[in-house]
Amino acid sequence: MPVLVMKFGGTSVATLDRIRRAAKRVGVEVAKGYDVIVIVSAMSGKTNELVGWVGETSPLYDAREYDAVVSSGENVTAGLMALTLQEMDVPARSWQGWQVPVRTTNAHSSARIEDIPPKNINTKFDEGMRVAVVAGFQGVSPEGRITTLGRGGSDTTAVAFAAAFGAERCDIYTDVDGVYTTDPRVSAKARRLDKIAFEEMLELASLGAKVLQTRSVELAMRYKVKLRVLSSFEEQSDTAGTLVCDEEEIMESNVVAGVAFSRDEAKMTLVSVADRPGIAASIFTALSDAGVNVDMIVQNIAEEGRTDMTWSCPTDQVARAQKAIEAAKADGTINYHEVIADTDVAKVSVVGIGMRSHTGVAAKMFQVLSAEGVNIKVITTSEIKISVLIDRKYMELAVQALHDAFELEKAA
Ligand code: ASP
Ligand code: MG
């Protein structure tokens, strides 16, 4: 029988009543003839509570025990979902990660899935089970310890199961009804997209659109898993939500699919560093060793053997970055006049695969910002994305103006 993966996020299983509502949706798909793999998150708020308990008990916790505690929220919902389905006379049972098994690396708290052998679950499907309810977010390490996949990891569990079982589709039920051209809280004209290409979704997810864990989109793209994002609070239908799919499946795509933004960016500049081979390596090795997530990087033209180096990173990593840079100066690895941190910036990006074949998107973006009197501090581009750093106070204005200029209110 064809397999469907259905994933329910924390808000969709937040109460027994909502679990019942989700189980009914599963029942509809079972009645259509699908064998269903249901991936569940913990009830909303549960994982945060568990993370808090670990920190209170042991500030420098053992990551293996963190995973043992934090993975438990999903076990509860998996069992409750299986019970609810049984009450509806749907043959179902729950599976914890190790029982499947979901084999992962041993990078505790951010493990990667290596393999999901379908044999155990398929044997049960052959024996008449119709729904396998799997606890998301967790797996088992080569040492046999429980691992977790990083916050939001149930999305990745769902896509990995869809790939491993050759599922027809992977439906991600959440509290929003799809992927929007921008955050509707920032622009009232934001529109829900019927379809979006994997690559666009990947850019939007990594730029801060929090609908899907970035790694789940990477996996879906690699294994060509059709992903659908839809609300568990609306009428069930085959065309609801947003389909994340291969670009070939999108007949006519807009040049720009969406405007993304991220509020908590900081810009740091090393003023007057010696311009010599290896200088960028020294700076960014120091930052990476300190665990700083560098995003944009700009090196200025050198003058008299000195240059300025600018990068962006999350605001809450500025102190760490500063410390790493000062330590590298103290031990003579790098040498500069001054380090400047600007923590009042935001990043705004336009994303769209149409940029590959259309020129003028950057020019238009810069004209729009200039017409609004917004100064651009840093620019970076990729094949399908243009990002700018601007003063944070102009972020909403910039997003709205760009959304208007690229006519995203007409998007579908
Ligand atoms: N419960 C986990 C979290 O809150 C995993 C997930 O829901 O995706 O991060
Ligand atoms: Mg999530």
Side-chain angles (χ1 to χ4, degrees), residues 5-15 18-19 22 37-55 61 63 65-81 94-98 100 102 104-105 107-113 116 133-140 146-163 170-180 183 196 201-202 204-220 225 227-233 241-242 244 260 262:
V5 171
M6 302 172 77
K7 183 253 171 179
F8 293 94
T11 48
S12 308
V13 292
T15 61
R18 289 193 185 169
I19 292 178
I37 299 175
V38 172
I39 309 292
V40 285
S41 283
M43 291 171 156
S44 66
K46 193 69 211 173
T47 310
N48 287 343
E49 181 181 47
L50 296 169
V51 169
W53 287 350
V54 170
Y61 53 77
E65 301 306 343
Y66 167 97
D67 280 351
V69 175
V70 167
S71 62
S72 66
E74 273 73 9
N75 297 343
V76 175
T77 29
L80 290 173
M81 177 65 81
S94 68
W95 302 76
Q96 295 184 7
W98 64 274
V100 176
V102 178
T104 73
T105 60
H108 283 276
S109 82
S110 58
R112 281 180 172 270
I113 296 176
I116 303 177
V133 186
V134 178
F137 178 53
Q138 53 173 262
V140 60
I146 304 300
T147 54
T148 62
L149 309 179
R151 298 305 305 270
S154 296
D155 295 333
T156 301
T157 307
V159 174
F161 271 81
C170 180
D171 286 345
I172 307 275
Y173 285 89
T174 174
D175 50 1
V176 292
D177 63 354
V179 179
Y180 278 72
D183 188 332
I196 186 167
M201 191 62 229
L202 198 56
L204 292 177
S206 60
L207 289 170
K210 293 196 180 64
V211 220
L212 290 170
Q213 199 196 32
T214 307
R215 271 171 50 208
S216 71
V217 187
E218 281 167 10
L219 261 193
V225 171
L227 255 183
R228 194 160 64 126
V229 178
L230 68 172
S231 163
S232 58
F233 302 106
T242 299
V244 189
S262 120

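First listed ligand is number 1; within each ligand, the first listed atom is number 1.
- The contact set between ligand 1 and Gly153, taken as ligand atoms under 4.0 Å from a residue heavy atom, comprises 5 (C), 8 (O).
- Sorted by first and then second residue, the pairs that involve residues 42-51 and meet salt bridge (Lys or Arg N to Asp or Glu O under 4.0 Å), not counting sequence neighbours, are Lys46-Glu49.
- In this structure a side-chain-to-backbone donor-acceptor pair under 3.5 Å is present from Arg215 to Leu149.
- In this structure, Gly152 has a heavy atom closer than 4.0 Å to ligand 1.
- Backbone and side-chain nitrogen or oxygen atoms of Lys7 are examined, and none is located within less than 3.5 angstrom of a nitrogen or oxygen of ligand 1.
- Considering every non-hydrogen atom in both Ile146 and His108, the closest pair reads O-CE1, 3.2 Å.
- Here the heavy atom of the protein found nearest to atom 7 (O) of ligand 1 is Ser41 OG, 2.8 Å.
- Within the 3.5 Å criterion, the main-chain N or O of Arg112 finds a donor-acceptor partner in the side chain of Thr105.
- For a threshold of 3.5 Å applied to N or O pairs, the pair formed by Phe137 and ligand 1 contains no separation below that value.
- Here the closest heavy-atom approach between residue Ser216 and residue Thr156 is recorded as N-OG1, 3.3 Å.
- Taking 4.0 Å as the cut-off, Gly136 does not count as a neighbour of ligand 1 on heavy-atom distance.
- Put simply, the side chain of Gln138 gets close to the backbone of Gly97: a donor and an acceptor are under 3.5 Å apart.
- The protein atom (non-hydrogen) at minimum distance from atom 4 (O) of ligand 1 is Arg151 NH2, 2.9 Å.
- Just one residue in the list Asp155, Ile39, Val5 forms a side chain to side chain contact (heavy atoms under 4.5 Å, CB included) with Ile172, and that residue is Asp155.
- Remark: minimum distance from atom 6 (C) of ligand 1 to any protein heavy atom is reached at Ser154 OG, 3.3 Å.
- Taking only nitrogen or oxygen atoms, main chain and side chain alike, Asp155 does not reach within less than 3.5 Å of ligand 1.
- The shortest heavy-atom contact between Ser154 and Ser41 is OG-OG, 3.4 Å.
- Looking at Lys46 against ligand 1, nothing comes within 4.0 Å, counting heavy atoms.
- Judged by the shortest distance from any of its heavy atoms, Glu74 lies inside the 4.0 Å radius around the atoms of ligand 1.
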